[in-house]
Amino acid sequence: MTDPAPLTVRWCVLGRGVDGRVTAVDIQADGSRGAMQTVSFAELSEYVAERERNAAPRWVWSDTPTWYPTLLEAGVRVARCTDLRLSHAILRNAASVQRADELRAAEEWDVAAAVPDPEPRGLALFELERTSTLSVPHGIEKALAEFARQREALATAAEPARLGFLLAAESAGALAAVEMSTAGVPWDIAEHDRLLREALGARPASGMKPQRMVEVAEEVRAALGDPQASLDSPPKLLRALKNAGIEVSSTSQWELAEHSHPALEPLLRYKKLARLFTANGWTWMDEWVRDGRYRPVYVPGGVVTGRWASSGGGALQLPRQLRPVLRADPGWLFVSADVAQLEPRVLAAMSTDHAMAEAGRGKDLYAGVVASGAVATRDEAKIAVLGAMYGATTGDSGRLVPRLRRSFPRAMRLVDESAETGEHGGTVSTWLGRTSPPPGAEWAEVQAVANGVNATSRDEDRARRVARDFGRFTRNFVVQGTAAEWALAWIADLRTRLMDLGEATDTRPATASGVMFERRPHLVFFLHDEIIVHTPAELAEKVAEVVAETAVTAGRRMFGSVPVDFPLDLRISERAEKG
DNA sequence: AGGCACTGCGCG
DNA sequence: AAAGCGCGCAGTGCCT
């Protein structure tokens with residue numbers, strides 16, 4: 001009798017032992033478990049690297065920011081993982097999962113993202129626990145039990161393959177996020193300093209304002225005829241403006257721009273300088289740029305819709321003004337790409353609205369909307385399309401949206417029905433199955449008051465307003481969330497394709513100099529619908545091809561044969577300046 | 001001193 | 001120019 005062919009190891013579950021050692025348990029394709037293996041913490045990287053070469057299992061671990069930075073520090077990348085914390089968050093809420101009771105009962109997995117230390121200190125794998133108050137469990141038995149619960153829950157989903165794809169993409173995103181923080185964005189400190197000096201003057205002493213800000217502030221005070229006017233406190237500034245006869249109800253730029261007074265031009269200029277100085281000035285540079293690398297902290301799944309959030313470093317609000325400061329290393333280049341109008345394209349695909357798909361056939365979907373005859377100008381098209389996805393009811397946007405309803409009935413029906421569901425307190429789901437959170441207790445309270453016998457018209461107005469607010473949230477959730485899924489599918493595929501490029505000889509990161517993944521192209525930046533890859537110059541063309549190919553693949557894997565294009569604006573450059 | 005709400009502004 | 005969605009962060013002012 002011959003031995004049966006050995007079963008493929010599909011997963012390898014990792015857990016921390018009580019003694020700080022790490023336990024690994026293989027799980028075969030048929031669900032059977034292998035023997036427990038234990039390695040010392042020091043041996044972990046070597047163990048993972050060896051298994052990655054020979055078996056390439058999907059690593060299953062409690063949460064990626066806890067496990068992965070240590071491996072990366074040792075030069076070990078993994079191709080695939082299951083992040084139990086992120087997967088739990090998706091599965092426990094997913095409407096398509098029939099049996100999630102046990103998952104919901106496992107409350108110890110309901111933990112917000114652990115925030116990794118942006119500067120890893122040596123081999124402190126579980127150092128996180130000392131700084132964050134809450135953490136998911138890291139032990140092997142807990143991990144095995146949770147993984148089993150998740151497999152069972154997934155099997156009861158209406159479309160397990162689809163939801164499973166979301167879990168894989170979400171987990172791949174978690175790997176990419178840690179890799180990007182570890183690698184960092186190549187940052188030209190001298191150029192940043194030059195830009196700051198040009199705008200603000202020399203760097204001021206700690207606690208002082210830059211010379212240019214002081215000067216402009218004096219201009220404002222002179223024009224107001226108020227030498228004491230405070231420009232940094234909105235309430236005080238508002239009083240000063242009113243005293244000068246400027247009738248504004250707030251101090252925001254858009255309202256100031258509507259008035260005409262000699263103080264307003266320098267005031268708007270002051271606000272720009274103040275913003276640059278406080279948000280991305282020298283202090284920010286000192287804190288977030290080290291060794292020529294900007295290392296923001298990404299939080300995959302940090303937004304309810306599935307978008308990433310960030311925690312520290314402000315990666316989601318990097319001003320375009322600063323983009324020229326991103327500079328590739330000598331001999332390297334950036335390949336940057338963003339998707340034009342990702343959200344309406346996703347909406348067209350989800351709703352199989354062929355008219356909207358047709359409008360998106362070219363590079364500019366808004367031009368296509370104009371060509372469809374729905375509206376007259378590109379500006380109108382943009383305002384109308386955004387208004388449709390956000391639920392605008394007033395102004396130009398509210399006026400233009402009904403025109404889209406005639407030209408793109410299927411797309412509009414999808415967002416309108418999503419809004420209606422939310423107005424009634426319901427939940428909606430993205431294309432791959434991420435379900436929106438139900439409204440909070442306050443929602444039901446307000447509705448109950450409005451439906452009570454003693455309800456005033458005020459109560460009813462409030463209830464309607466709260467219902468519509470929630471409707472706008474669910475309306476946008478399906479589109480924003482599905483767009484986030486498309487982007488995750490894109491970068492998940494992209495990072496694995498990039499792993500295969502470049503020299504395989506030495507992947508050991510030299511983090512002291514900020515150089516990661518020597519001679520290998522790697523993602524350094526991701527922001528909702530755009531990516532930047534840092535690559536050896538000789539591979540840039542190849543990388544650009546891969547970036548484009550993976551965008552096509554993402555569309556196919558998400559939406560199959562639905563004929564919706566996701567065209568990229570793609571650039572190869574030394575600096576990440578937006579073209 | 002530290003927590004919290006609020007405003008204002010950067011990003012998609 | 002916002003409107004209509006989703007965020008993070010700095011600064012201020014008020015609270016304990």
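In the text below, chain A, chain B and the rest are named by the order of the sequence lines, each starting its count at 1. The model shown is predicted, which means the values in this text are computed figures rather than measured ones.
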Margin query: Working note: A/Arg410 + A/Asp353, criterion salt bridge (Lys or Arg N to Asp or Glu O under 4.0 Å); need CA distance, chi angles, decisive distance, verdict.
Written below: CA-CA 5 Å; A/Arg410 293 177 68 91; A/Asp353 188 313; 6.0 Å; no
Next item on the list: For the pair A/Glu265 and A/Lys272, find out whether any cationic side-chain nitrogen is under 4.0 Å from an anionic carboxylate oxygen.
Entry: no
Notebook entry, point to check: So, are A/Glu420 and A/Arg475 salt-bridged, with charged N and O less than 4.0 Å apart?
Noted result: no
Margin query: Show me the pairs that pass side-chain hydrogen bond (donor to acceptor under 3.5 Å, both in side chains) and involve residues 204-216 of chain A, at least two apart or across chains.
Written below: A/Lys209-A/Asp232, A/Lys209-A/Tyr270, A/Gln211-A/Glu215, A/Arg212-A/Glu215
Hey, can you pull the donor-acceptor pairs under 3.5 Å for the side chains in residues 167-177 of chain A, sequence neighbours left out?
| residue | atom | partner | partner atom | Å |
| --- | --- | --- | --- | --- |
| A/Glu170 | OE1 | A/Arg434 | NH2 | 2.8 |
| A/Glu170 | OE2 | A/Arg434 | NH1 | 3.4 |
| A/Ser171 | OG | A/Asp83 | N | 2.9 |
| A/Ser171 | OG | A/Leu167 | O | 2.9 |

Next item on the list: Represent DNA chain C in dot-bracket notation, 5' to 3'. Only Watson-Crick or G-U wobble pairs with both distances under 3.5 Å count; pseudoknot-style crossings use [ ] and interstrand partners use |.
Entry: ....||||||||||||
Note to self: Looking only at side-chain N and O atoms, does A/Thr474 offer a donor or acceptor that is under 3.5 Å from a partner on A/Ser436?
What the structure shows: no
Next item on the list: For A/Ser397, report the nucleic acid contact type (base, sugar-phosphate, nothing); a contact means any heavy atom under 4.0 Å.
Entry: base
Margin query: Students should find this one: the first and last nucleotides of DNA chain C, 5' to 3', lying under 4.0 Å from a heavy atom of chain A. What are they?
Written below: C/dA1 to C/dG13
Note to self: In whole Å, I'd like the distance from the CD atom of A/Gln317 to the P atom of B/dG8.
What the structure shows: 17 Å
Next item on the list: Apply ring pair (Phe, Tyr, Trp, His ring centres under 6.0 Å) to A/Trp490 and list each qualifying residue two or more places apart in sequence or on a separate chain.
Entry: A/Trp486
Check: Counting only non-hydrogen atoms, which of residues 248-266 of chain A are less than 4.0 Å from DNA chain B?
Finding: A/Ser250, A/Thr251, A/Ser252, A/Gln253
Next item on the list: Looking at every strand, decide which applies to A/Gly302 at a 4.0 Å heavy-atom threshold: base, sugar-phosphate, or nothing.
Entry: nothing
Next item on the list: Taking atom CZ of A/Arg557 as the centre, report whether more than 12 heavy atoms of other residues, nucleotides or ligands fall under 6.0 Å from it.
Entry: no
Notebook entry, point to check: Mind checking what makes side-chain hydrogen bond (donor to acceptor under 3.5 Å, both in side chains) contact with A/Arg194, not counting sequence neighbours?
Noted result: A/Glu191, A/Glu198
Check: So, is C/dG8 syn or anti if syn means the angle is within 90° of 0?
Finding: anti
Margin query: Nearest whole Å is fine: how far is B/dC9 C1' from A/Lys271 NZ?
Written below: 8 Å
Next item on the list: Test A/Phe477 against A/Ser418 for side chain to side chain contact (heavy atoms under 4.5 Å, CB included), laying out the working first.
Entry: CA-CA 8 Å; A/Phe477 183 94; A/Ser418 299; over 6 Å; no
Next item on the list: Specify the closest pair of heavy atoms between A/Val524 and A/Val185, including all atoms of both residues, with the distance to one decimal.
Entry: O-CG2, 3.2 Å
Item checked: Residue-level proximity of residues 417-445 of chain A to DNA chain C when a heavy atom falls under 4.0 Å -> none
Check: How about A/Glu442: does its CD atom have over 12 heavy atoms from other parts shown lying under 6.0 Å from it?
Finding: no
Checklist line | Rounded interatomic separation in angstrom, taking CG from A/Leu527 and C1' from B/dG10 | finding: 11 Å
Notebook entry, point to check: Does one side chain, of A/Thr66 or A/Asp63, offer a donor that lies under 3.5 Å from an acceptor on the other?
Noted result: yes
Note to self: From CG of A/Leu322 over to P of B/dC11, roughly how many Å is that when rounded to an integer?
What the structure shows: 10 Å
Next item on the list: Determine whether the aromatic ring centres of A/Tyr298 and A/Trp308 lie less than 6.0 Å apart.
Entry: yes
Checklist line | Sugar-phosphate only, base, or nothing, as touched by A/Phe473 at under 4.0 Å among non-hydrogen atoms | finding: sugar-phosphate
Notebook entry, point to check: Is there any salt bridge (charged side-chain N to carboxylate O under 4.0 Å, His left out) pair reaching into residues 373-389 of chain A, and which pairs are they, with sequence neighbours excluded?
Noted result: A/Asp364-A/Arg378
Next item on the list: Any pair with a residue in residues 391-401 of chain A that passes salt bridge (charged side-chain N to carboxylate O under 4.0 Å, His left out), sequence neighbours left out, goes on the list, sorted by first then second residue, please.
Entry: A/Asp396-A/Arg399
Notebook entry, point to check: Is A/Leu316 touching bases, backbone alone, or none of the nucleic acid, heavy atoms closer than 4.0 Å?
Noted result: base
Next item on the list: Calculate the interatomic distance between A/Lys272 atom NZ and B/dG8 atom P; express it in whole Å.
Entry: 15 Å
Next item on the list: Would you mind reading off the distance between A/Leu273 atom CG and B/dG10 atom P, rounded to a whole angstrom?
Entry: 12 Å
Next item on the list: Not counting sequence neighbours, which residues clear side-chain hydrogen bond (donor to acceptor under 3.5 Å, both in side chains) with A/Trp431? List them please.
Entry: none
Checklist line | Sub-4.0 Å heavy-atom contacts from residues 274-285 of chain A onto DNA chain C, ordered by number | finding: A/Arg275, A/Thr278
Notebook entry, point to check: Atom CG of A/Asp338 and atom P of B/dC11: how far apart are they, to the nearest Å?
Noted result: 14 Å
Check: Base, sugar-phosphate alone, or nothing: which one does A/Ile383 contact when heavy atoms must sit under 4.0 Å apart?
Finding: base
